[in-house]
Amino acid sequence: MTTQHLPTHTDVLIVGAGPAGLTLAASLTLLGIEHVIIESKPAPAPGSKAAAIQPRSLEYLARIGVSDVLIDDGLRGGGFAVVDRDRSLIRMSYDSIASPFPFLLLISQQQTEVRLGERLNELGGNVFRSVRLIGLQDEFPGSAATVVDEHGFAHVINARYVVGCDGIYSTVRRLSGLEFPGDAPAALFALADAEIGTSTGDLDTTFSFSDHGMLITSALPGGLIRVVAAVPEGTPAPGLSDVAELLRTRAGAWANDVRVTSLANSSTYRVQQRVAATLRNGNVFLVGDAAHTHSPAGGQGMNTGMQDAANLAWKLRHAVDGRAAEQVLDSYDAERRPVAQGLIAFTAQLMQLATIVEPHLAALRNETLCAAAAVPGVTDWLANKLSQLDIGYSHPRDSLAGTRLDPQIVQPRGLSWTLVLPDGAPVPDVPSDFTVTTSANVDRPVAVRPDGIAADRELVARLFGGVLDIDGSTASATT
Ligand SMILES: Cc1cc2nc3c(=O)[nH]c(=O)nc-3n(C[C@H](O)[C@H](O)[C@H](O)COP(=O)(O)OP(=O)(O)OC[C@H]3O[C@@H](n4cnc5c(N)ncnc54)[C@H](O)[C@@H]3O)c2cc1C
């Protein structure tokens, strides 16, 4: 798409076509919301960065119609294992989690972006590539965004809402004057996607502890293995022999004879732990790494960004159609910022455990993990947490509101709302936003948001008041 067709007005301007921006753009296209998505790069960046899609993200990606193709492209990982060389300490299996997707999908971020982009095109949307945001000014009732195209020409796009999906160094965040407090722990990681000529046959993502430091290994499609290792300051991006050495000294016996035949990519990176002071400032929103960044341990970052997009998309839709009051838009920050803060605490703890080198402490850690693994329910609880199925938003007066409903109960269709009725309950006339289903697993009507979360009564009244009433025991059409 050439930039001469760049619109001058839009309801939503999305800046950045990484996984978060593409998820938001595909969602808004499906919801029929006019938007423009710009991306400074000409194509999805090579290199894999995130190497896994969590079940919770797959549940949303299924709603926007892109999970099947991603699953076909990827490998079904079994979950996470923690070992000390050849000693198994604890294993968090995804086999029995309550999701239609009981696996960790191993797939490169680049391929995820390609498939999301294709889905966006199929739905009728497109990314304006080689277009960079350089300025943002308030202009009632939205913002005037100045962008530069690949020829260096400036254009102004007037947008009612602007969403910064533009990554850790977000221009939207900077131009909006939003703080990004946090820290950058003094820890360097080497990362490589390597071909090792032979399959390990292991589809767990494995944290290996050793006297030489921490190593994470994970299979990727195409016979590749992802290798991430804590390395001393000043270490350059690993070459073939460095990756072989990391495997030999830090992994189990399986890696002793491994021959690293080529590297698809290799780099070093430094972790930052930050959350933006607010994820909403008037008509400007931050999503994904623009809003939060943390250690990639546990494969959470990209997934959290896609779920931010899931949380925001339907709220923007109702804001554009005039139904969502300010509180609905405010709930994006109220719901998602605590999730990001919790994630930083969780991934920081994972990294602390993984990078212990002092022998006594390492032995204590290992014994504690083994003991935890033997306690019934602990590994399932951890698998639920890592797969992000436990993420919800508590509600003061309703224990169900804010929680995720298993899609096997809800049977979602696209990004419609779902009214789940107890088996045998009378079916009212519902607004066209809803699909209706029945389930033996609910004892009262439940309205489920397009992001799979049970809505509270106030929200239903705010958005559909006068049309649908859910009074706790029955659902009824009120017009
Ligand atoms: C080495 C590494 C390994 C990782 N491993 C994992 C993992 O295993 N699991 C996981 O979940 N996460 C992982 N992550 C994190 C994951 O890569 C990020 O969380 C994810 O890329 C964030 O997606 P995003 O869409 O928010 O931002 P990004 O992917 O950063 O996308 C932002 C986009 O905005 C564009 N952009 C920036 N500025 C502008 C501008 N002014 N105008 C227009 N466009 C702009 C950029 O070109 C970019 O394409 C890893 C990250 C790294 C670095």
Side-chain angles (χ1 to χ4, degrees), residues 3 13-25 36-54 56-57 77 80 104-110 112-113 116-117 127-136 145-150 157 162-175 188-193 205 207 216-218 220 226-229 237 265-272 274 276 279 285-309 312 340 343 347 350 386-388:
T3 50
L13 173 66
I14 302 170
V15 182
L22 288 167
T23 303
L24 183 61
V36 171
I37 174 168
I38 60 166
E39 164 58 51
S40 53
K41 293 200 195 93
S48 67
K49 293 204 323 188
I53 305 182
Q54 297 287 354
R56 182 65 176 273
S57 306
F80 290 88
L104 179 66
L105 185 67
L106 307 175
I107 184 168
S108 77
Q109 180 166 332
Q110 184 182 7
T112 302
E113 290 179 22
L116 279 167
V127 178
F128 289 92
R129 291 199 169 270
S130 304
V131 177
R132 191 161 47 92
L133 176 82
I134 58 163
L136 202 56
T146 306
V147 304
V148 173
D149 68 22
E150 76 264 45
I157 304 174
V162 176
V163 188
C165 300
D166 48 348
I168 186 167
Y169 302 108
S170 169
T171 307
V172 173
R173 193 182 61 230
R174 179 173 53 78
L175 293 173
L188 188 69
F189 292 89
L191 176 141
D193 291 340
T205 296
F207 282 70
I216 304 173
T217 48
S218 183
L220 276 173
R226 156 65 61 91
V227 175
V228 181
N265 55 69
S266 138
S267 59
T268 57
Y269 68 94
R270 200 173 293 281
V271 170
Q272 298 196 40
R274 300 180 188 280
L279 308 194
F285 297 84
L286 299 177
V287 165
D289 276 20
H292 44 73
T293 181
H294 41 77
S295 153
Q300 309 283 303
M302 175 186 79
N303 288 277
T304 306
M306 293 196 288
Q307 288 162 51
D308 291 342
L312 183 60
L343 212 54
T347 56
L350 281 181
L386 286 160
S387 59
Q388 305 193 331

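Just follow the structure's listing: the first ligand is 1, and inside any ligand the first atom is 1. The first residue of the sequence shown is numbered 1, and numbering continues consecutively from there.
Atom numbering of ligand 1 starts at 1 in the shown order; those under 4.0 Å from a heavy atom of Ala51 are 7 (C), 8 (O). Taking every non-hydrogen atom of Gly288 and a distance limit under 4.0 Å, the qualifying atoms of ligand 1 come out as 26 (O). The ligand atoms of ligand 1 that sit less than 4.0 angstrom from a heavy atom of Val15 are 40 (C), 42 (N), 43 (C). When each atom of ligand 1 is checked for a heavy atom of Asn303 under 4.0 Å away, the hits are 11 (O). Residue Lys41 has at least one heavy-atom neighbour below 4.0 Å for each of these atoms of ligand 1: 46 (C), 47 (O), 48 (C), 49 (O). Heavy-atom contacts of Leu191 reach the following atoms of ligand 1: 1 (C), 3 (C) (cutoff under 4.0 Å).
For Cys165, every heavy-atom contact with ligand 1 shorter than 4.0 Å involves the backbone, none the side chain. Only the side chain of Thr171 comes within 4.0 Å of ligand 1, judged by heavy-atom distances.
Within the 3.5 Å criterion, the main-chain N or O of Gln54 finds a donor-acceptor partner in the side chain of Asn303. Between the side chain of Arg226 and the main chain of Lys49, a donor-acceptor pair closer than 3.5 Å is present. When atom types are taken as modelled, the side chain of Gln300 and the backbone of Leu386 share a donor-acceptor pair closer than 3.5 angstrom. With hydrogens and angles disregarded, no donor-acceptor distance shorter than 3.5 Å links the side chain of Ser57 to the backbone of Ile53.
Within the 4.5 Å cutoff, side-chain heavy atoms of Thr304 are placed close to those of Leu343. You'll find the side chain of Leu286 reaches within 4.5 Å of the side chain of Ser170, heavy atoms only. In this structure, the side chains of Arg132 and Asp149 stay at 4.5 Å or more apart for every pair of heavy atoms.
Scanning Ala50, Ser108, Ala309 for the heavy atom closest to atom 13 (C) of ligand 1 points to Ala50. Taking only non-hydrogen atoms, the option from Pro42, Gly305, Ser130, Pro19 nearest to atom 23 (O) of ligand 1 is Pro19. Taking each of Met306, Gln109, Arg132 in turn, the one with a heavy atom nearest to atom 17 (O) of ligand 1 proves to be Gln109. Evaluated by nearest non-hydrogen atom to atom 33 (C) of ligand 1, the leading choice among Arg129, Gln388, Glu39 is Glu39.
Checked against a 3.5 angstrom limit, the closest N/O atoms of Ala52 and ligand 1 fall outside it. At a 3.5 angstrom cut-off on N or O pairs, Glu113 does not count as close to ligand 1. Annotation: Lys49 places an N or O atom under 3.5 Å from an N or O atom of ligand 1; distance criterion only. Remark: ligand 1 and Ala290 share no N or O pair separated by less than 3.5 Å (distance only, no angle test).
Classified by interplanar angle (parallel below 30°, tilted 30° to 60°, perpendicular above 60°), the ring pair Phe189/Tyr269 is parallel.
With respect to Thr171, the side-chain contact (heavy atoms from CB on, under 4.5 Å) criterion is satisfied by exactly one of Asp166, Ile134, Leu136, Val15: Asp166. Of the residues Asp289, Leu350, Thr347, Val271, the one that meets the side-chain contact (heavy atoms from CB on, under 4.5 Å) test with His294 is Thr347.
Proximity of Val172 to ligand 1 is not established, as no heavy-atom distance is less than 4.0 Å.
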With side-chain contact (heavy atoms from CB on, under 4.5 Å) as the criterion, how do Thr268 and Leu191 come out once you've worked through the C-alpha distance, each side chain's angles and the decisive distance to 0.1 Å? CA-CA 6 Å; Thr268 57; Leu191 176 141; over 6 Å; no

